[in-house]
Protein chains: 2
Amino acid sequence: MEYYSKEISNLIAELSDLPSIGSKSAQRLAFHILGMDEEKVNDLANAIVQARKNVRYCKECFTLTDDELCPICSNPKRNKNIIMVVEDTRDLAAYEKTGKFDGVYHVLHGAISPMAGIGPGDIKLKELMVRLQQNDVEEVIVATNSSLEGETTAAYISKLIKPTGIKVSRIASGVPVGGNLEYIDEVTLLRALDGRTEL
Amino acid sequence: MEYYSKEISNLIAELSDLPSIGSKSAQRLAFHILGMDEEKVNDLANAIVQARKNVRYCKECFTLTDDELCPICSNPKRNKNIIMVVEDTRDLAAYEKTGKFDGVYHVLHGAISPMAGIGPGDIKLKELMVRLQQNDVEEVIVATNSSLEGETTAAYISKLIKPTGIKVSRIASGVPVGGNLEYIDEVTLLRALDGRTEL
C-alpha cells in the first residue's frame with residue numbers, strides 16, 4: 001500500500017487483522033476514523049485499551065468482566081440455585097437478551113473437541129464442579145451449542161453431575177421458530193422429531 | 001447491555017459507532033480484542049490515535065497523508081504533467097492498484113451536489129486551479145464517480161479548465177469488464193452505446 005502514507009497504511013493493516021474485516025472494510029473504517037473528531041478517536045482507542053487491560057473472569061461464573069463479580073452474579077435478584085452452562089460470554093448475552101432467565105450462568109470458555117485437542121481439563125469444568133459442591137444448586141441447564149462439540153460437552157457434563165443428584169437438563173434442539181421445514185437440515189428435522197411433545 | 005460489565009459494554013458501544021458495524025459485529029470484534037495479546041491491542045489503539053493525530057492534506061494534491069507531501073507527490077518518477085482528479089483518497093488508491101497510471105492526483109474531497117448544499121467552493125477546486133497556474137500541466141483527467149454529483153463536478157471542471165488551453169478528459173463510462181448486459185442498468189447501457197469506438 002505504498003500509495004497510502006505510513007501511518008494510514010499502518011492503521012489499515014491493524015484494522016485488517018480484526019476478524020471479518022477485509023481490506024476494503026479496513027480502508028473504509030480507516031478513512032472514517034481519520035474523519036472523526038480527535039476526541040472521539042481517543043475515546044475509541046481508550047475503550048479498546050481499558051477493556052483489554054481490565055478484563056478478567058468473574059470469580060463465580062467465569063464470564064468475562066472487569067470486576068471481581070460480573071453484573072449477573074452480583075445481582076441479588078438472580079436465582080443462584082439454577083445454573084445455565086454456556087460455551088462463552090456471547091452465548092450468555094444471547095440468553096440474557098431474552099430477559100426470561102433469572103438464574104445464573106457458568107461460562108466454560110470452549111467445548112470439548114477431541115479433533116482440536118481440547119479436553120475436559122481445558123475448559124472451566126472443574127470450576128463448575130467446585131461451584132456445585134460449595135453452593136446449594138437445584139438444576140444445571142446445559143446450553144452449549146447444538147454442534148458436535150457442544151453435544152459432546154453436554155453429554156460429558158451430564159455424566160459428571162448425575163452422581164451428585166443435582167438435576168441436569170439440556171436446552172431443546174429442533175426447528176427454529178419461523179423456520180420453514182423445507183430449508184432445514186435433516187439432522188435438525190430428526191432432532192425435532194425425537195424431541196416431540198404431546199399436544 | 002447490563003449483562004456485560006461496564007468496560008466491555010463501552011467497548012462494544014464504541015465499535016458499534018463505526019460505519020457498517022452492527023451490534024453483532026461489534027460484540028464479535030470486542031471479544032476478539034479481549035482475547036488478543038495486550039501488546040497487539042496497544043498497537044491497534046496506537047495506530048488509531050497516531051493516524052488520526054497526524055493526518056493532514058498533502059500540500060500538493062490534497063490527499064490524506066501524514067507528511068507534508070504524500071508518497072506519490074514526493075516520488076520523482078511520477079509524471080507531474082498529468083493530473084487525475086478524484087473525489088477522495090480511496091478513489092486514488094483504487095487507480096493506484098491498477099499500477100498503470102504514472103501521473104499525479106488531485107483529491108477534491110467531495111463532489112458538487114446542489115441537493116446536499118455542496119458547491120464548487122466546498123471542494124478543493126480553487127486549489128486545483130492554483131496548481132494548474134503554477135505548474136506545467138498537459139492534461140487533467142477527471143475521474144470523479146459516475147454518479148450525478150460526479151458528472152456535475154466533471155462538467156464544471158471541464159468548463160473551468162477549457163479556457164486555459166489545458167487538455168481535459170473524462171474516464172470512460174460503460175459496461176464493466178466481465179459485466180453481463182442482462183444485469184446492467186439502462187443508463188449504463190446507453191452510456192456504453194454513446195461511447196462506442198470503431199473496431
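Every chain is numbered from 1, with letters handed out A, B, ... down the list of sequences. All values below were derived from every heavy atom in this structure, side-chain atoms included, with hydrogens, water molecules and symmetry-related copies excluded.
- Remark: B/Lys40 NZ to A/Arg52 CZ distance equals 13.0 Å, nearest 0.5 Å.
- Under the 4.5 Å side-chain contact rule for hydrophobic residues, B/Leu69 and B/Val137 do not share a cluster.
- Between A/Leu18 atom CG and B/Met36 atom CE the span is 6.0 Å, to the nearest 0.5 Å.
- No more than 12 heavy atoms of other residues, nucleotides or ligands lie within 6.0 Å of NZ in B/Lys6, so this atom counts as exposed by the packing criterion.
- Shortest non-hydrogen contact noted between A/Glu7 and B/Ala51 is O-CB, 3.8 Å.
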- Task: Would you sort out whether A/Thr89 and B/Phe31 count as a side chain to side chain contact (heavy atoms under 4.5 Å, CB included), showing the intermediate values?
- Result: CA-CA 9 Å; A/Thr89 301; B/Phe31 284 100; 3.5 Å; yes
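- Looking at B/Ser25, neither its backbone nor its side chain comes within 4.5 Å of chain A, counting heavy atoms on both sides.
- In this structure, chain A has heavy atoms under 4.5 Å from both the backbone and the side chain of B/Val41.
- A 6.0 Å sphere centred on CD of B/Glu38 holds more than 12 heavy atoms belonging to other residues, nucleotides or ligands.
- In terms of heavy-atom pairs under 4.5 Å with chain A, the best-connected choice from B/Thr63, B/Asp17, B/Leu34, B/Val49 is B/Leu34.
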- Message: Would B/Ile48 and A/Ile48 count as a side chain to side chain contact (heavy atoms under 4.5 Å, CB included) here? Give the steps.
- Response: CA-CA 10 Å; B/Ile48 291 172; A/Ile48 291 172; 3.9 Å; yes
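- With a 6.0 Å radius and a threshold of 12 heavy atoms from other residues, nucleotides or ligands, B/Lys80 has its NZ atom above the threshold.
- Note that CZ of A/Phe101 is 15.0 Å distant from OH of B/Tyr3, once rounded to the nearest 0.5 Å.
- B/Ser5 and A/Asp67 share no donor-acceptor pair across their side chains, judged by distance under 3.5 Å alone.
- By the rule that hydrophobic residues join a cluster once side-chain heavy atoms approach within less than 4.5 Å of another member, B/Val168 and B/Met129 end up as members of one cluster.
- Most heavy-atom pairs under 4.5 Å with chain A, from the set B/Asn75, B/Leu15, B/Leu64, B/Ile72: that is B/Leu64.
- For the atom pair A/Glu14 CD and B/Leu44 CG, the distance stands at 5.5 Å (nearest 0.5 Å).
- Cluster annotation: A/Ile171 and A/Ile123 are assigned to the same hydrophobic cluster (Ile/Leu/Val/Met/Phe/Trp/Tyr, side-chain heavy-atom contacts under 4.5 Å, transitive).
- Note on A/Tyr95 and A/Ile82: same hydrophobic cluster, where clusters join Ile, Leu, Val, Met, Phe, Trp and Tyr whose side-chain heavy atoms are under 4.5 Å apart, directly or indirectly.
- We find the CG-CD1 distance between B/Leu29 and A/Ile21 to be 4.5 Å, quoted to the nearest 0.5 Å.
- Contacts with chain B were tallied for A/Asn46, A/Asp88, A/Leu11, A/Asp66; A/Asp66 has the most, counting heavy-atom pairs under 4.5 Å.
- Within 6.0 Å of NZ in A/Lys97 there are more than 12 heavy atoms belonging to other residues, nucleotides or ligands.
- Transitive grouping of hydrophobic side chains (ILVMFWY, heavy atoms separated by less than 4.5 Å) brings B/Tyr105 and B/Leu160 into a common cluster.
- In this structure, the portion of B/Ser20 lying under 4.5 Å from any heavy atom of chain A is its side chain and not its backbone.
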